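Residue numbers start from 1 in every chain, and the chains themselves are labelled A, B, ... in the order their sequence lines are given, proteins ahead of strands. All figures in this text were calculated on a predicted structure; none of them were measured in a lab.
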Amino acid sequence: MPELVEIEYYRRLAEAALDRQIASVAAPDEWFLKWGLTEAAVRDALEGRRFERARRIGKLLLLDISDGGVLGLRFGMAGRLLVDGRAGVDHLQYASSRWEPAWDRFTVRFDDGGDLRVNDARRLGGVELDPDEARLGFDAATITPAQLRAALAHSTAPLKARLMDQRRVAGLGNLITDEVLWRAGLDPTRPAGSLTPSEVSRLLRHLRTTIAELTERGGSHLGRLQVARVPGCRCPKDGAPLLRRTIGGRTAYSCPAHQH
DNA sequence: ATTGTGGCCTGCCCGC
DNA sequence: TGCGGGCAGGCCACAA
């Protein structure tokens, strides 16, 4: 699914859509427009204007509009971004490998004939205008030691749930979180506030290297734990049978032998 | 305030 | 061969 690694690819792709005059907007799926946004309103905000900047906070892609306003794009777990027919990533875990024009939920056409499209089979993504950026925590790719410490401190929530809470740390989804905790040797059920300073440092170190490595390899599904993220599999590190539990409402894989 | 749960969405895969 | 149930997880609404 798209986590911050994929959204960062989408952001880079979206730079190809900057400084091009917007001719028209198609939002055929009302469900896909969030917070009461209407097709008329999003047309009014975009048509005749241009995107000036492509930003990303966590899994939220932000396109700054000339003359003010911000378009926010979310991709759920199966959403793809296409610019001029080119895709930002070529593989999405848990998403269909097919591509259907009917899954185009939102299209921005430029007056040069190209377009920017969100294609989402499952409709778990969405479009919003002027999203509340303050709802999101610090981006996981650039979070500082003090910020991570503060995000975890005094919390009794399971470590994994806290890391996936987008208001605390933005950008981490199920796969990357499992991978990072597996690498850092931390049990996902540990109360978030129970980590020692050295454990927080270790977590941050693995957070950074994992995000960098997965970005370089091209997807959040390319971690070393990922191949073993199936029932009955063993830890690639030490061969112990992996635990499969539900933590924070999500399927969590972890190794009982080396994650504490 | 914080934490946990349920439901939404729909394609896909497995077993019958 | 077709069909139905379960599963995937990001995000929101809601409950305790």
How long is the line joining CZ of A:Phe32 and P of B:dT10, in whole Å? 11 Å
If you take atom types as modelled and just measure distance, does the side chain of A:Arg250 reach the base of C:dG10 with a donor-acceptor pair under 3.5 Å? yes
Run the salt bridge (Lys or Arg N to Asp or Glu O under 4.0 Å) check on A:Glu15 and A:Arg12 step by step: do they pass? CA-CA 5 Å; A:Glu15 292 190 327; A:Arg12 294 176 192 177; over 6 Å; no
Between atom CE in A:Met164 and atom C1' in C:dC11, what is the gap in whole Å? 12 Å
Whole angstroms only, please: what is the CG-P distance between A:Leu136 and C:dC12? 9 Å
Presence of A:Arg135 side-chain N/O under 4.0 Å of C:dC12 phosphate oxygens OP1/OP2: yes
May I ask you to verify if any side-chain N or O of A:Thr251 is less than 4.0 angstrom from the OP1 or OP2 atom of C:dC7? no
Which nucleotide in C:dG9, C:dC12, B:dG11 has an atom nearest any side-chain atom of A:Ala121: B:dG11
Is a salt bridge present between A:Arg105 and A:Asp120, judged by a nitrogen-to-oxygen distance below 4.0 Å? no
What's the CH2-C1' distance between A:Trp31 and B:dT10, to the nearest Å? 12 Å
Please classify the nucleic acid contact of A:Arg123 as base, sugar-phosphate, or nothing, using heavy-atom distances under 4.0 Å. sugar-phosphate
If the cut-off is 4.0 Å, is A:Arg122 near the phosphate of C:dA8, judged by side-chain N/O to OP1 or OP2? no
To the nearest angstrom, how far is A:Met77 atom CE from C:dC12 atom P? 16 Å
Tell me the interatomic distance from A:Leu124, atom CG, to C:dC7, atom P, rounded to whole angstroms. 17 Å
Any Lys/Arg nitrogen of A:Glu128 or A:Arg135 sitting under 4.0 Å from an Asp/Glu carboxylate oxygen of the other? yes
Would you say A:Phe32 and A:Trp35 are hydrophobically clustered, going by side-chain heavy atoms of ILVMFWY under 4.5 Å? no
B:dT2 phosphate, OP1 or OP2, under 4.0 Å from A:Thr156 side-chain N/O: no
Does A:Lys59 place a side-chain N or O at less than 4.0 Å from the phosphate oxygens OP1/OP2 of C:dC11? yes
What's the closest nucleotide to the A:Trp103 side chain, out of C:dA8, B:dG4, B:dG11? B:dG11
Can you tell me how far C1' of C:dG10 sits from CZ of A:Phe75, to the nearest Å? 13 Å
Can a side chain N or O of A:Arg167 be found less than 4.0 Å away from OP1 or OP2 on B:dT2? no
Closest listed nucleotide, where the reference is the side chain of A:Arg244 and the choices are C:dC7, B:dT2, C:dC12: C:dC7
C:dA8, C:dG9, C:dA13: which one has an atom nearest the side-chain heavy atoms of A:Asn174? C:dG9
More than 12 heavy atoms of other residues, nucleotides or ligands under 6.0 Å from CZ of A:Arg49: yes or no? yes
In whole angstroms, how far is the P atom of C:dC12 from the CG atom of A:Leu37? 15 Å
